[in-house]
Structures are given as structure tokens and as C-alpha cells.
Amino acid sequence: MPAWLDDFLWTYQNLVYALGINGLLALSMYVVLAVGQLSLGQAAFMGLGAYSSALMTLKLGLPFAAVLPLSVVVPMVFALAVGGPTLRLAGVYLAIATIGMGEVLRAVYLNVDLFGGALGLSGIPERATAPLIYGLLGLAVLALWLIGRSGIGRAMEAMREDETAAEVMGVPVRRYKMGALLASATLAGLAGCLSAHVSSFIGPNEYGFEPAVTILSYALLGGIGTPLAPVVGAWVLTLLPELLRGVSDIRLVLNGVIIVLAVLFLPNGLLAVRMKRIGARTAA
Amino acid sequence: MLAQQLVNGVLLGATYALFALGFTLMFGVLRVINLTYGFYFSAGALLALWMARQGASIWLALPLASLGAGCIAVVLDWMLLTRLRRVQAPELSSLMVTLGGVLALYSALTSWLGPDIRRLPPGIVSADAFLVGDVRVTAAQILILGATALLVGALLLLMRGTRLGLAIRAMAEKPDAAQLMGIDTGQAAALVSFISGCLAGAGGVLIGLNFNAIHPYMGEAMMLRGFVVIIVGGLGDIRGALLAGLALGVIEVMTAGYVSSGLKEAVAFLILVAVLWTRPSGLFGRAVLRRA
Amino acid sequence: MIPLLDLSGLTRRYAGLVAVDGVDMQVMAGGVHAVIGPNGAGKTTLFNLVSGLVPPSAGRIRFVGQDVTGLAADRRAALGLARTFQNIRVFAAMTVLENVLTGLHARLAVGLPGVVLRLPRFRAEERRAVARARAALDLVGLADKAGQRAQALSYGDQRRLEIARAMAPEPPLVLLDEPAAGMNPAETEALATLVRRLSEFGATVLLVEHDMGFVMDISDTVTVLNFGKRIYEGTPQAVRQEPAVIEAYLGHKVAARLAAGAKAGVRGAG
Amino acid sequence: MLRRSLLAAAAVALAMAPAAFAQGDAPIPVGAIEILSGPNAAYGTAIRAGLELALEEVNAQGVGGRKIALTVEDSAGNKDQAINAARKLIGRDKVVAVIGPTLSNEMFAVGPVVNERKIPIIGTSTTAVGITEIGPYVFRTSLPESDVIPVTLARAKARSVKTIALMYANDDAFSKSGFDTMKAAAEKAGLNILAIESFGSKDTDFSAQLTKIRALKPDAVGISALVEPVSGVLLQARQLGFGKDTLFVGGNGSNSPKLGEIAGSAADGLIVGSPWFVGKDDPANQAFVAKFRAKYGRDPDQFAAQAYDCMHILADAIGRAGTPEPAKIRDALLATKHGGVMGPFTFTPGRDPASTEGVVVLAMQGGKFGIASE
């Protein structure tokens, strides 16, 4: 490999990782939005995955091959525990309840010594690699794509449009909501584990309100018509601050303005296409 | 000490309630999570600061800054949300557009004014504390209590006693029906934005005065507590916001005073989650029937 | 003979209001059974109780002999209890065919692994589902519009689509919530034909309707609700003559005057 | 349209990446990563001001006949953006050394990346425990709190303080680390710790904690937090009746002229240990302060002063290394003997500042810091 290419890859290595990881986070948002649930627990799930996997690596010395699959356990157990009462909530109530849970977890990280308080956990070895991250992302997109194309995807879209009508048509809405929440916890947990194992340090403020909203904005900017759309949204929003480096003083301003314009003029996201599934082709 | 802590709690609660009044109105009537609300709070405080530095007294700066924040709210609502309201976009779009909006607004304000914390000129309100028994209260705190009580009273009067209030309430209950009744929903939305913005601006001035900390991001810092208050109090419920704000303040102070200050923040969200699990539409909210 | 649907002591209270008050009612298999009553009589609440959108405060619901009181709406749908809505609730952004396929969701016995692994069984199921959906669209006369977005349909067609969506799984019982609302006389006439065909198709129809002419034309049995209570049940002819019904609709004075005068029907009232 | 222009921008950004590193008398590239936007931008902008002032002086003389080209990247206080900035500086701009980042949190994320590439990185404002343990290329010129706080507490003891209550912001690494140090130092100094209270660094209300502490009547209250919450604590403490009989002891975060600007006379009496202060009357410092005022129209704070010294220390090391090779610069840094505005400066073998000689105890009076009385 020529030296400049090596340098190039090294320079953008973190960005390359972040694109893949944020893609997974966008999918974890997508799966709940796809069934019409505005659940904003993704950052919290990510934190649970990151902290539990970092502790497994640092304190228990488990190999990464074991840590990665185990990292989804805590987020999933948490999702199962809170899912019942939480999924009864609708709309903004659900959004704010899930944000609240994230804040409670943040307080736990800050106050329990095991999690290192505000100092977080540092010295996490770099174990995740780009092929692993993108392999997982690819698998997730593929699986969600196949589901989206099937009758289950159709039922999910029906739930998104009118949950009550879908339920009366025989769509098991409670089961699908719980399934979506678990899938969301799994994807975010994996993303948390991967991010902890590429950046050597994690802290409690990375999983609070702001990250939760950022993850939401990935999915909203990209759209939720297909699983690829939120990933594109994540990529745009991850690249944007780097592309705007040259205008550092006002780059956050531009970032905000771009989001506003995108929502106002592309209301269904950057990729506003519907899934191609049986019977979905529209005739003029 | 208990008496002082109770007073501390009520005073803190009053600031929460004061912040939440306009928020709950905006949220409850316009049905959007408008994240720009915190910006009006900051804008009000910074406007008052600017006026005070020009030599205006607090009694002039407070109402003018409040009106200024109201105007900013109307303009931003028009810029960001009218289009979405017209095409009846899903509530997620408005969340997103206001998210982009606040990001741009706070950043612009910060790069213009700098992120420093400022305070209103000392002496604009006496900083001396009054001693009532063992309990100390400052003029700014009394001002906050008084203003909160006054604003709650005025809002209740407006909502219950006037045609305008009736129209706003109709909009909150059934936007479509309100339109059929001949209410110009565009105008009503602008009006609600204006009132909310004014309330936010007044809150920003008073709270900035009380805590001596005025900076571009001050509204952002209040937003999470604001959410807790308006959800626990019930969306659009003025009295609920007052009660929930006071309750939250007292509980936080008591937790920090008698349990552990590390739990002070968590307790707000534990209450929120507990309330939502048991009473999904807020502690004081009416049950929302599932539409079938 | 076991009734298809059997309600006993069904009650639903809201704060300070009893919307449905101890209703006993049986729907026998076959034919068209209508529930009528003045505004606020509790008809829609009754439908929501039966389809499982609202839990009852008291009472039991049996469907095909099975107690379904505690079952969620989607489970009842899977048992063969279908319905439409008073205010049209089609999935607007989906195509007409997809709407009907959604109605068949409970009939598609393929789980997540089948979907992700693209098992042949999953594709066969889908093909069968499409055939059934097209048959349902044929029934309501929308076969040529299968590929259109639901939101592009006319109001009357959206109502038909809702009926097709409900009928696709060939449910033994279908609940129609004010199917004629907002239709002109010609459309209402066509709808009456359609509803009769549904019952020929094998479904029992339970409907709530305001249009008295429509009800009298097509119903075999009529149940009358007032203030949440069942006040009368009988054939359309009997209902027309029943003083309690006339009083419920027109108030005491008018009823008395009518009783004194000619024995006129209450056609069109409501 | 939007998408196309974004793609175009991406293509341009990527195409520019493998810019060749010209040798000869081209400027020596040096990078800095600071918080220039977002809520914590005040620290980063102060540091940038100090760096750029020093850079002017360095480039007026030249380093081995060459100039230094400083690229300051914004981290916005975000871990990922800080790492991206470091990678961009090293991989694309080919910097030979990195100054920053602003917060200890960011250093924990950035340090390993830069260290891996064997590029020296020097923190000017990272005072938390464990920073230089990240790796052999990680330095800091800021005195860790563990060096400063014992000096401050010794002064408190000299004023017959026997009991102390501690307050800290529990949600940022800097404050928490400062608190840990303060607690250990207080125990070591034999002070009786009556209470430990925490708050959030964005909190504005501290009444519950202060009321509780006041009931315990400690001789002193130690606060570890950034200057904004410290100001809030002091203002509210006065309202709640804390008088001059309670000594407030600040950590490094309190050491900012902004404390006087925000808290005014409420801050009077607070003591804080500092590696530097604006009124220090040695000629080097007086010249620095005068130049800073002339350039920026305001007083420098310790962040600017530390950054100013750091730039000089780095330039000096590059000069002594004789060649802008990172490994040589690292070795030269270890041999640093610098007389800066913070006093005589050398590194320990562990790459921390060696001398605490420069530490002065300051006291607030009339909204300004001055040397504290004994």
C-alpha cells in the first residue's frame, strides 16, 4: 500500500468507523419508527452496550469475540424490563419517557464507582475493525430489507399509518412493538460495543439527551421508507461537521440550517422511496 | 434547616413552573414538540441584559424583553412551522425542524455574543436577603414567586374568561373542529406562539436575575426539566404545570438535602417515568381516550 | 344453536358516563343484524367493545362459543372478527392491494425466519394471499384499482376498500360502522346490494347505521339502543311500530302525537 | 441538489487529502485541537488566543530559520470530532506535534490515537489524573491538580481551618478528578471532612446543598468545578448567609478572571492555587500581559497563559531537536528548561510539569485575584 493511501486511511479511520457505527444507530432508530413508535431510547441502549462491553473487556478480560455478542444482552434485558409499561405510551409521551430513562441511566453512571463516574472508562483496547463494523451494518440492512419487503413489512407500514386499524386487521401490534424495541436495543447495543472498542474512552455524557436527538435526526433526515435511507441520513449528518471544518466559526449554524431546509423541502427524507414489495407497485 | 429547605424547594419549583408555563401552552395547543422554546428564554434574558446595560430599569427591561421574545417566537414559528402545519406534516417533522432551528440559533447567538456567562448589572434588584425567622429570601426570589403567581392567574383568566381563551382551548382539543367553528388557526397559532414567547422571555429575565447567569445556552439547560414539568402536569394544563413545577422543585431539594445530592437530577426523571407508567397522560392530565 | 356473537351484561363506563349499560345481545349466524339508536346511544362504543379496542367495565363477550372478553383486538381479528370504521381508516399511502393484504395478515402463517431466509413457503403464502385479496377486491368492484394509492380513491371507493380489507380473510362476522355515512342515495343503493352480497358470501353482518331506510331495507334483525341500554329488538317491521323506539328517536311529545295520528313509519329519522 | 453539492464537497475534501509535505524552509506544521464552538467554547478561544500570541513571537525569530504554521481545529467539545481533528491534523496536515485538546475527557480519547502515531501531544489545560499515563508521547504543561491543591489547602490550614465541606460537579471529568484530588489532599492534611455534596455542571441552583452545608458550620468549603457553577455557588452562598468566617477554597476551575466578572464581590475571600496569575510581577509575565491586552483588548486568563508558555516550550524543543521529526521533538521536550510566564519549567520523566515552585495562592478581592495573604 502506498504511503499516501495508508495516511489517507489512517486520517479518516475514525470517520470511517463513525459512519458505520452511526449507520447501525440510525437503523436502531429506524426499526422503532418503522412501526410508528417515537421511542428515543437508542442512546441509552447504546450506553448500556458500551458500558457492559467495556467492563467485560476491562474487568473480566473476556476476548472480543465473546464480548461483542454479549454486548446485546444488557440492552435487551433492559428493553424487556421497561418495554411493557413503556410501549403503552404513544407519541411524545413515549419519546419523553424514553429520554427520561436515558437520563436516569446517566445518573447511575455518574454515581456508581464501577462506571467510573464522570471520568468514564478509559484504556479500552481497539478491537473493532472496519470490516466487522460494515459487515454487521450490511447484515442489518439486508435483514431489515427482507423484512420490509415481506408481509411483516407491510404490517409495519400499516401500524405506522394507523395503529388501531392495523390491530383490528389482525396485526399483532404489541408483539411487533416489543420486537422492534428489542431489535432497536440489539442494534444500539452492538453500536455501543463497537464504538467503545474503537475510541478507547467512554463517558456518561455520550449517551444522554443530545445523542438521543442526534440519532433521531439521522433517521428523519434520511427518511424511513427503506432501511438504507436512515443510514444515508446518518452518513450525511456525520460527514457534515467534517466537511464544514473550513468554516469552523459558523459550522454548527450551517449544520442547523441544512437540517431545517432538508425537513422543510424534503419532508420524507433524502431518500423518499417506498419499499418494493408484492402489490406495492402503483399504477397511474 | 427544614424550613429553609422547603423555601429553597418552593423557589426552585417556581422557576421550573415559570419556565414551563409558556412551554405547556405551546406544546398543548399547537401539538408540536417545539425545541426552540428554550431559545426564547435565552433571548428574553439577553435582551433584558442589553437594555439594562443601556441603563433601563428592571421594570422597563422585563416587559420589553418579554415582548421582544414573543415577537421572535412568532417569527420563528412562522419560518419553521407554518409550512409544516399547512401540509399537516407528522409531528416528527416539526420536532426535527425545530431541532435544526435551535442548533443554528444557539450557535449563531454564541458566535455573535460569545459563550460567556453574564449577569445583570448588580443592584438592578437588591441582592440582600430578607430574614424571616431563620429563613432567608432575596428580592429576586420574591419577584419570581410573585411573577409566577401573577402569570398563572392571568393565564387562567385568559383561558377561561375570554373568547380568545375559548378559541385556544378549542384548538387544543380539536383543531379540525376549531377550524370549522370559524377560528383562523393560523392566526391563533401565531397568537399562542406570541404568548408563549412572552412567557419564556419573562421567565428568562427573572430566572437569569435570580441565578445571576445569563448566557446563550441557558434555555437549553432548562429544557429537560421543562419536559418533566409539562408531562407530569399534563400538556396544556396551566395549573398542572404550576403544581408539577413546585412539586419537582421541592422533591429535588429534599432529595439533595436529606438523601444525596448525586440523586437530585435522577429523581426528576424517575418521577417522570413512574408517572408515565402509572398515569400515561400525566398526573393532573385528563385521561386521553384512544380514538377508535 | 350457539349464537355467533353473544354479549352478556356488557358495560362500559367513562368518568361520569355509562356509554354501554348492561347490554345483552345475540347475533345469530347468517343474515344482517343492525344496531340503531339516537346519537350518543353507545353504538360505536359497543362496536369498540366487541372488536377489542376498549376493555369492558363489566360483562362478557363470546364469539363462536369462545370467551374473548380479555383478548386483544388483533387476536379477535385472527379468530375471524372483522370490522370497518365510521370515519374511514384506510392506509392512505399504501396501494389498494396492499391494504387488502394487510387484512390478511393474521392468515399469513410465516414468521421472521421464513421472511429473512426467504423460504419457498413464504413466497407461496404471499401468492395465495394476493389471489384472495384480488377476490375480495372483485367482490366490492375495485379489482381494476388494485395498484392505486388508497388516498387517490374517491370517498365511496375508500369505503368499499375498507369492506374488502375486512372481508378478505373471509371472516364469519363483519362489523360495519355506519357504512352509508356521507354517501349519496345512488351510492347507498349500491352499498345495500353489496352488503347483501357479503351475507351471501358467507359472512354475518353486524352494522351500526343512521340511515333508517338503509337499515330497514337490508336488515333481518334490528337492536335498538338508547342511553347505552338495549330497549328493543325485533324485525324491521316490528321496530317501526314500537312506541318505545319512536319515543327514543323523537322524544315523548312527538311520539304521543304520532301515536294519536296516522300510524306513520319513522323512515328517514335519525 | 443538496445531495449533489454535498457529494461534490466530499470529493474535493478527499482529493485534497494526500497533500505532499514539502521540505526545506517551508513552515513547520503544528496542530492544535480546541473547543471553538458550542457551550464550552470560552476555554478553547482563550487557549487559541494564547497560542497565536506566542506564535507571532516565535515566528518573528524563526525556529532554525523556519516558521511554524499552526492549524487550530475545532472539537466542539465532542469526543468523535476531537479524534477526527487529530487524525486530520496528523494524516493530512502532517503536523509534527499537537497541542490540546481542551478537556481531559477529550484527551482520554485523542491521546491514544496521537500516541499510536508517535507524535508528541501536549495538553495545556488537562489537569485530570492519568493524562500522561496514556502513553510516552503524551505531555502536559498544565500542573495537575494533585500538585496545586495541597499548596492551597496548606494555606487554608495556616488560617486555622480544621473542618471542611466539599462540593463538586459530578458530571465532568475535570471537576470529578479535581474533587478526588481535593478529598485526598484534605484527608492527608488532617482536615475533618464534614460533608460531600455534588451538583451538575449546568446547574444553577445549589441552595439545597448549601443549606445543608451551612447547618454543619464548616471552617471552609472546597469547590471543584468550572468557573460558571463556582460563581453560581458563591452568589447563592452569600444569599443563604455564608459570611466571611467561611473560607472558600477553589480548584483549578475557579482560577479565572470570569469568577470576579460573574460573582463580583460574592467571590471575595475565595482562595485558589494557581501556576500563574495576571498580576505576577516578573518582567516576562508583565510583557505577556501587556502584549495580550494590546492584541485582544482584555486580560489573559490562566488558559491563555498556559497555552502561551506551551507554544514557546514546543518551539524551543523543535529548535533544539534541530529537525522537525516527532521522535526528536519528543526527546527534546523531555529535556526542556524553560523560563516562561508561569515560572521555571521542566518536565518530569513522566512528562508532567516538574516544578510546583511557580504555584501561588491567590485570593479574590473586589472581583479581582491578588496574592493571598498568609
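Side chains included, hydrogens not; waters and symmetry mates left out as well; all remaining heavy atoms used. The sequence lines fix the lettering, A, B, ..., with proteins before strands; numbering per chain opens at 1.
Contacts between D172(D) and chain A at a heavy-atom distance below 4.5 Å involve the backbone alone (N, CA, C, O). With a threshold of 4.5 angstrom between heavy atoms, A41(D) does not approach chain A through any atom at all. Proximity to chain D involves both the backbone and the side chain of S199(A), based on heavy atoms less than 4.5 angstrom apart. Contacts of E116(D) with chain A are made by side-chain atoms alone, with heavy-atom separations under 4.5 Å and no backbone atom involved. Within the 4.5 angstrom heavy-atom criterion, no atom of N78(D) approaches chain A. Contact annotation for V110(D): neither backbone nor side-chain heavy atoms come within less than 4.5 Å of a heavy atom of chain A.
Using the six-membered ring where Trp is involved, F78(A) and F45(A) have ring planes that are perpendicular, over 60° apart on the 30 and 60° scheme. Aromatic ring pairs are classed by plane angle as parallel below 30°, tilted from 30° to 60° and perpendicular above 60°; the pair F108(D) and F201(A) is parallel. Ring geometry for F8(A) against W4(A) counts as perpendicular: the plane angle is over 60°, on a 0 to 90° scale with 30° as the lower cut. Under the 30°/60° scheme for interplanar angles, the aromatic rings of Y109(A) and Y207(A) are found to stand perpendicular.
No salt bridge links K79(D) with E106(D); every basic N to acidic carboxylate O contact stays at or beyond 4.0 Å.
Heavy atoms of other residues, nucleotides or ligands lying less than 6.0 angstrom from CD of E187(D) number more than 12.
When each of T11(A), N205(A), D7(A) is scored by its heavy-atom pairs under 4.5 Å with chain D, the top score falls to T11(A). Heavy-atom pairs under 4.5 Å with chain A were tallied for G200(D), G111(D), A85(D); the largest tally goes to A85(D). For the options R87(D), E133(D), K88(D), heavy-atom pairs under 4.5 Å to chain A are most numerous at R87(D). Ranked by non-hydrogen atom pairs under 4.5 Å with chain A, the options I134(D), L89(D), V129(D), N105(D) are led by N105(D).
Considering T124(D), D352(D), T127(D) in turn, D352(D) is the only one that fulfils the side chain to side chain donor-acceptor pair (under 3.5 Å) rule with R140(D).
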